[in-house]
Amino acid sequence: MIKKLVKLCIIVTFMCSIQINNYIAYASDESIFNINSEAAFLLDGSTGDVLYSKNGDQLMYPASLTKILTAIIAIEEGNLKDQVTVSENARNVDGTRVYLEVGEQVTLLKLIQGLLINSGNDAGVAIAEYFDGSEEKFAERMNKFSKEKINVQHSQFQNPHGLFDPEHYTTASDMAEITKYAMQNDTFREIFGTVELDWKGTGWETTLYTHNELLRWYDGVTGGKTGYVDESGHTLITSATKGNLNLIAVVLKASSKNLAYDDTTTLFDYGFENFIKNVIPKNKQFLDEQNNEYILSEDVTYTKKSNEDVSLSTDEQGVLSILGEQNRIINTYQLESVDMNEKKKDGEQTETAENEEGSLLITSSMFVIPLFVFFIMFSVYRKRKKNVSYYKEVN
C-alpha cells in the first residue's frame, strides 16, 4: 500500500511540474511584449500559423491598409496595360494623392504603383471607376473578393482607399490574411516592396518613396503599407523574411507612427528569435480513436516555438490537429481516409490471382499426368507384345 502511494505521489508531482513548466514558458514569452497598439497580429505568411495576437478579431478601422485589397483585385482581375482615363471625381478626392489630372491617361499598373507606394487616394478612385464605374460598386467587388477568394469573414469595405466610413472596418487577423493572399502574387510583391520609383505624370514629376520606413532600416523587410485617419489612428502592415520564416505583422490604432514601428519591430524580433518550421512528411499515417486510418497526401509545414514540444491528434472526421504547449492549436489539416475496402479488394485480387494460378496448375496436371501414365502403359504394352512375338518365332 505504501509503495502504491509513493508511486502515485511521484506521478502527480511529475504531471504538475510539466504543467508549471509549460505555464512559465508561455508566460515568459508573453512578458517580453509591450505592444502599444490597440490590436496586433503576427502571422507566418507561408504556413498561415498565428504566432501572436492582441485583439486580433476586434473590429477596427484600417485606413489606407485598405489599398492592399484594392491592389490585389486590380492585379488579378484587370489588364495592367489598359489605359485608364482619370475622372474629375478621382482628381478631387481628399487625402494623399499622386496628383492625377482630369482626362489624364494612366496605365492600370502605374495606378497600382501610385496606390501602394505613395498611398494615392486619387489612384484608388481611378481604379474603382475603371472596374465598376463608381466607388460604391467597386466596394461590392471588394467584399465579394475578400470573402470568396480570401475567406475573411469579419471585414466590410465601403471604398477603395480607406478614407473614414463608420461601415468600413476590418480586423488585424483579416488584414494579415488579405496580405498573405496578396503576397502570393509576384506583381503585388514587387510593388509592395518598392522603396522608390520615378514618377512622371501630366501634373507632377517626382520620385515616389515608400511610406513604410521599415523597408529602409529593418533587416529582412520585404514590403509594407502605412495608414492613418483620425478615427483609425496609425495603422501599419509589414512583411519580412529571415531564413525560412516569412512573417506578416499588423498593428492597428497606434497613437503615433513611431509606436507603430516599435510594435512591428517587437513582433518581428519575437517571431524570428523564437520560432522555427517543422515538416510532417507526405504519406505519414494516422489513426483516430476508433482506429480508422488516415494519410497525409502532401508534406505539411508548420511553425512552432523553438523549444516547444508538439503533439498530433486526429479526430473522427480525419482532421489532424497540431498542438503546441498548453494544447494550443498551431494548425489543422484535413487528412485523406485510407479506404479499408480498397485494401480488402487488393487482397482479394491477389488471392484470386493465386487461385487462378493454382487452378491453372491443377488443370494442366489433369492433362499431363494421364498423358504420362498413358505413355508408360503404351511402352509396357509394346514391350510385352514384342516379347510374345519373339517367343513364338523361337518355338
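Predicted model only: the values in this text are computed from it and were never measured.
- For the ring pair (Phe, Tyr, Trp, His ring centres under 6.0 Å) condition, the pairs that include at least one residue of residues 55-79, sequence neighbours left out, are Tyr61-Phe164.
- In the hydrophobic clustering of ILVMFWY residues, with side-chain heavy atoms under 4.5 Å counting as a link, Ile150 and Ile248 come out together.
- Counted within 6.0 Å of CD on Glu289, heavy atoms from surrounding residues, nucleotides or ligands total 12 or fewer; the atom is thus considered open.
- With hydrogens and angles ignored, the 3.5 Å screen pairs a side-chain donor or acceptor of Tyr261 with a backbone N or O of Glu213.
- Checked by atom type and distance alone, the side chain of Thr70 pairs as donor or acceptor with a backbone atom of Pro160 at under 3.5 Å.
- Here Glu77 contributes atom CD and Leu108 contributes atom CG; the two are 11.5 Å apart, rounded to the nearest 0.5 Å.
- Counting non-hydrogen atoms of other residues, nucleotides and ligands closer than 6.0 Å to NZ of Lys277 gives a total above 12.
- At a cut-off of 3.5 Å, with distance as the only test, no side-chain donor of Glu76 or Asn185 sits close to an acceptor on the other residue.
- Two residues are said to be in side-chain contact when any heavy atoms from C-beta on lie closer than 4.5 Å; Tyr130 and Asp82 meet this criterion.
- Between the Asp132 side chain and the Ser134 main chain, no donor and acceptor come within less than 3.5 Å of each other.
- Within a 6.0 Å sphere centred on CD of Gln153, other residues, nucleotides and ligands contribute more than 12 heavy atoms.
- Pairs of residues two or more places apart, or lying in two chains, never qualify as ring pair (Phe, Tyr, Trp, His ring centres under 6.0 Å) while including a residue from residues 70-94.
- Listed for the Lys242 side chain is no donor-acceptor partner under 3.5 Å among the backbone atoms of Phe268.
- Across all their heavy atoms, Ser119 and Ser64 have their closest contact at OG-OG, 3.3 Å.
- When only modelled atom types and interatomic distance are considered, Asp269 and Tyr218 share a side-chain donor-acceptor pair under 3.5 Å.
- Of the N and O atoms on the side chains of Ser337 and Glu293, not one donor lies less than 3.5 Å from an acceptor on the other residue.
- Hydrophobic clustering places Ile75 together with Ile117 (ILVMFWY residues linked when any side-chain heavy atoms are closer than 4.5 Å, directly or through intermediates).
- Between the side chain of Asn143 and the backbone N or O of Ala139, at least one donor-acceptor pair lies under 3.5 Å.
- Applying the 6.0 Å contact sphere to CD1 of Ile329 captures no more than 12 heavy atoms from other residues, nucleotides or ligands.
- Screening Leu111, Val84, Val125 against Leu100 for a side-chain contact (heavy atoms from CB on, under 4.5 Å) leaves a single residue, Leu111.
- Side-chain contact check for Thr238 and Asn212: at least one donor-acceptor pair (N or O, by modelled atom type) lies under 3.5 Å.
- A distance of 10.0 Å separates OG of Ser321 from CG of Asn327, quoted to the nearest 0.5 Å.
- Between the side chains of Thr171 and Asp57, no donor-acceptor pair is found at a separation under 3.5 Å.
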Give the intermediate values and the outcome of side chain to side chain contact (heavy atoms under 4.5 Å, CB included) for residues Leu115 and Ile191. CA-CA 10 Å; Leu115 179 80; Ile191 301 172; over 6 Å; no

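- No donor-acceptor pair under 3.5 Å is formed between the side chain of Ser146 and the backbone N or O of Val152.
- Between the OG1 atom in Thr301 and the CG atom in Asn244 there is a gap of 8.5 Å [rounded to 0.5 Å].
- A donor-acceptor contact shorter than 3.5 Å links the side chain of Lys110 to the backbone of Lys200.
- Under the side chain to side chain contact (heavy atoms under 4.5 Å, CB included) criterion, Tyr302 pairs with Asp49, Asn278, Ile280, Lys304, Val310, Ile322, Ile330, sequence neighbours left out.
- For the residue pair Thr222 / Ser239, a side-chain donor-acceptor distance below 3.5 Å is found, with atom types taken as modelled.
- Val86 is not connected to Leu163 by any chain of hydrophobic side-chain contacts under 4.5 Å among Ile, Leu, Val, Met, Phe, Trp and Tyr, and they are in different clusters.
- Counting heavy atoms of neighbouring residues, nucleotides and ligands inside a 6.0 Å radius, atom CD of Glu190 does not exceed 12 of them.
- Taking CD1 of Ile72 as the start and CD of Gln184 as the end, the distance is 8.5 Å to the nearest 0.5 Å.
- Between the CG atom of Leu208 and the CH2 atom of Trp199 there is a distance of 6.0 Å, given to the nearest 0.5 Å.
- Using a distance-only test at 3.5 Å, with no hydrogens or angles considered, a donor-acceptor pair links the side chain of Arg189 to the main chain of Met183.
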Full working for side chain to side chain contact (heavy atoms under 4.5 Å, CB included) between Leu247 and Tyr52: CA-CA 11 Å; Leu247 304 186; Tyr52 177 83; over 6 Å; no

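- The aromatic rings of Trp204 and Tyr99 stand perpendicular to each other, their planes meeting at an angle above 60°, with 30° marking the opposite boundary.
- At least one donor-acceptor pair closer than 3.5 Å links the side chain of Asp122 to the backbone N or O of Val98.
- Heavy atoms only, all atoms of each residue included: Glu336 and Ser297 are closest at OE2-CB, 3.3 Å.
- At most 12 heavy atoms of other shown residues, nucleotides or ligands fall within 6.0 angstrom of atom CG in Asp309.
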Going through the checks in order, is the side chain to side chain contact (heavy atoms under 4.5 Å, CB included) test met by Lys282 and Asp299? CA-CA 4 Å; Lys282 176 182 178 181; Asp299 288 348; 3.2 Å; yes

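- Counting non-hydrogen atoms of other residues, nucleotides and ligands closer than 6.0 Å to CD of Glu316 gives a total of 12 or fewer.
- Hydrophobic clustering (ILVMFWY, side-chain heavy atoms < 4.5 Å, transitive): Tyr228 and Leu236 are in distinct clusters.
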Passes side chain to side chain contact (heavy atoms under 4.5 Å, CB included), Leu252 versus Gln58? Steps please. CA-CA 10 Å; Leu252 300 177; Gln58 181 174 315; over 6 Å; no

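- Under the 4.5 Å side-chain heavy-atom criterion for Ile, Leu, Val, Met, Phe, Trp and Tyr, Leu116 and Val221 are members of distinct hydrophobic clusters.
- Environment of NZ in Lys147: crowded, with over 12 heavy atoms of neighbouring residues, nucleotides or ligands closer than 6.0 Å.
- Side chain to side chain, Lys225 and Thr235 fail the donor-acceptor criterion of an N or O pair below 3.5 Å.
- Here the OG1 atom belonging to Thr206 is positioned 10.0 Å from the CG atom belonging to Leu197, to the nearest 0.5 angstrom.
- Residues Tyr270 and Leu51 share a closest heavy-atom pair of CE2-O, 3.7 Å.
- In summary, the side chains of Lys67 and Asn121 do present a donor paired with an acceptor at a separation below 3.5 Å, with no hydrogens or angles considered.
- The minimum heavy-atom distance between Leu80 and Ala74, with the atom names listed, is CD2-O, 4.3 Å.
- Without hydrogens or angle criteria, Gln334 side chain to Gly318 main chain gives a donor-acceptor distance under 3.5 Å.
- With Phe145 as reference, Tyr181 is the one residue of Tyr181, Phe138, Phe131, Phe157 to meet the ring pair (Phe, Tyr, Trp, His ring centres under 6.0 Å) rule.
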Chi angles and distances behind the ring pair (Phe, Tyr, Trp, His ring centres under 6.0 Å) call for Phe286, Tyr333: CA-CA 12 Å; Phe286 299 89; Tyr333 295 89; over 10 Å; no

Go through the steps for Arg328 and Glu308 under the test salt bridge (charged side-chain N to carboxylate O under 4.0 Å, His left out), then give the verdict. CA-CA 11 Å; Arg328 74 180 184 91; Glu308 184 175 31; 3.0 Å; yes

